[in-house]
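Structure first, then comments.
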Number of protein chains: 2
Amino acid sequence: MSDAKASEAEVDPCCSGAPVAAIDEDDATQLASVFAALADPVRLRLYDLVCAAGEICSCDLQEPLGRSQPTISHHTKILADAGLITGEKRGRWVWWSAVPGRLAGATDALQAVRAR
Amino acid sequence: MSDAKASEAEVDPCCSGAPVAAIDEDDATQLASVFAALADPVRLRLYDLVCAAGEICSCDLQEPLGRSQPTISHHTKILADAGLITGEKRGRWVWWSAVPGRLAGATDALQAVRAR
DNA sequence: GTCATAGATCGAAGGTTGTCAATGTCTGAT
DNA sequence: ATCAGACATTGACAACCTTCGATCTATGAC
């Protein structure tokens with residue numbers, strides 16, 4: 001099945017031998033969960049709102065996002081589980097803020113392979 | 001519902017007035033599709049293999065990823081539709097390569113908001 | 001032409017996700 | 001103690017996603 005190189009070219013186009021997987025399955029699953037958290041338009045706008053505001057209350061997310069309160073709660077939980085935002089409870093309200101470097105760290109883990 | 005600021009503090013903690021959404025719904029949907037393409041462990045490793053190899057044949061993806069041929073074809077299509085990889089058909093084989101700057105462009109669109 | 005192979009497409013099974021109504025829990029005010 | 005409000009949780013449903021077997025198309029070898 002993998003005689004493409006042998007029949008098209010004598011030498012491997014990039015390195016040598018079989019391609020080496022830089023990311024193992026566990027790392028891939030971990031990384032994918034971060035991207036999955038941003039794979040929804042509502043969550044992207046939510047994350048954007050949090051970044052733009054620096055700190056924002058859950059109750060102020062409901063109106064601009066146009067979703068019900070349980071749905072907002074659901075999305076903040078997913079973003080928090082992915083480590084992209086963090087919430088602090090003050091009195092009756094929860095204030096959300098972005099975790100610095102978390103998104104950059106995820107993309108770096110992928111892009112780092114190009115530097116080799 | 002949004003009297004949190006008024007009751008907890010007199011001044012808005014970051015800017016002033018209602019928070020401004022930096023990303024509109026259409027942009028968010030477009031951006032989310034790029035992240036959705038990377039939100040699967042198999043596709044992440046596939047993208048990683050393509051980046052690491054520079055150029056790689058579909059038939060050489062099947063074995064390291066441990067998925068059937070239709071599944072590999074499905075995933076390459078999703079990554080290609082998202083603009084992350086591009087394929088060139090040569091003879092019987094399709095050679096895939098990463099689209100430079102595509103992933104960085106997506107993350108920049110999100111992170112740019114922090115620079116404001 | 002005939003045959004073998006690379007890859008795309010189709011259809012189906014099973015799991016996951018986004019959404020909201022209803023309800024529960026906790027906090028601060030009266 | 002009682003009440004109202006901010007979030008979390010549960011349950012349900014529709015939509016979507018991942019996967020594979022079967023099949024189709026296209027290309028190169030004989």
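Keep in mind that the numbers below use all heavy atoms, side chains included, and drop hydrogens, waters and symmetry copies. Sequence lines set the chain letters: A, B, ... in the order given, protein chains first and strands last, and positions in each chain run from 1.
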Polar atom pairs (N or O), protein with nucleotides 23-30 of chain C, under 3.5 Å:
none

Regarding B:Ser58, tell me which of base, sugar-phosphate or nothing describes its non-hydrogen contacts under 4.0 Å with the strands shown.
sugar-phosphate

Got a donor-acceptor contact below 3.5 angstrom from the B:Ser73 side chain to the B:Gln69 backbone?
no

May I ask you to decide if A:Ala32's main-chain N or O and B:Arg43's side chain share a donor-acceptor pair within less than 3.5 Å?
no

Closest non-hydrogen contact found for A:Leu31 with A:Ala109 is CD1-CB, 4.0 Å

Could you tell me the separation between the CH2 atom of A:Trp93 and the P atom of D:dC7, rounded to a whole number of Å?
8 Å

Between A:Ser58 and the options A:Trp95, A:Trp96, A:Trp93, the side chain to side chain donor-acceptor pair (under 3.5 Å) test singles out A:Trp96

Quick check for you: among C:dA6, C:dT9, D:dA8, whose closest atom lies nearest to any side-chain atom of B:Lys77?
C:dT9

Measure all distances between protein nitrogen or oxygen atoms and nitrogen or oxygen atoms of nucleotides 17-19 of chain D, and list the pairs falling under 3.5 Å.
{"residue": "D:dT18", "atom": "OP1", "partner": "B:Arg43", "partner atom": "NH1", "Å": "3.3"}
{"residue": "D:dT18", "atom": "OP1", "partner": "B:Arg43", "partner atom": "NH2", "Å": "2.8"}
{"residue": "D:dT18", "atom": "OP2", "partner": "B:Arg43", "partner atom": "NH1", "Å": "3.3"}
{"residue": "D:dT19", "atom": "OP1", "partner": "B:Arg67", "partner atom": "NH1", "Å": "2.3"}
{"residue": "D:dT19", "atom": "OP2", "partner": "B:His75", "partner atom": "NE2", "Å": "2.4"}

Is there a donor-acceptor pair closer than 3.5 Å between any side-chain N or O of B:Thr76 and the backbone N or O of B:Ile72?
yes

Compare every heavy atom of A:Gly83 with every heavy atom of A:Arg102, then report the nearest pair and how far apart it is.
CG-O, 3.1 Å

Answer yes or no: is there a donor N or O on one side and an acceptor on the other, between the side chain of B:Thr71 and the main chain of B:Arg67, under 3.5 Å?
no

Between B:Ile72 (CD1) and D:dG21 (P), how many Å, whole number?
13 Å

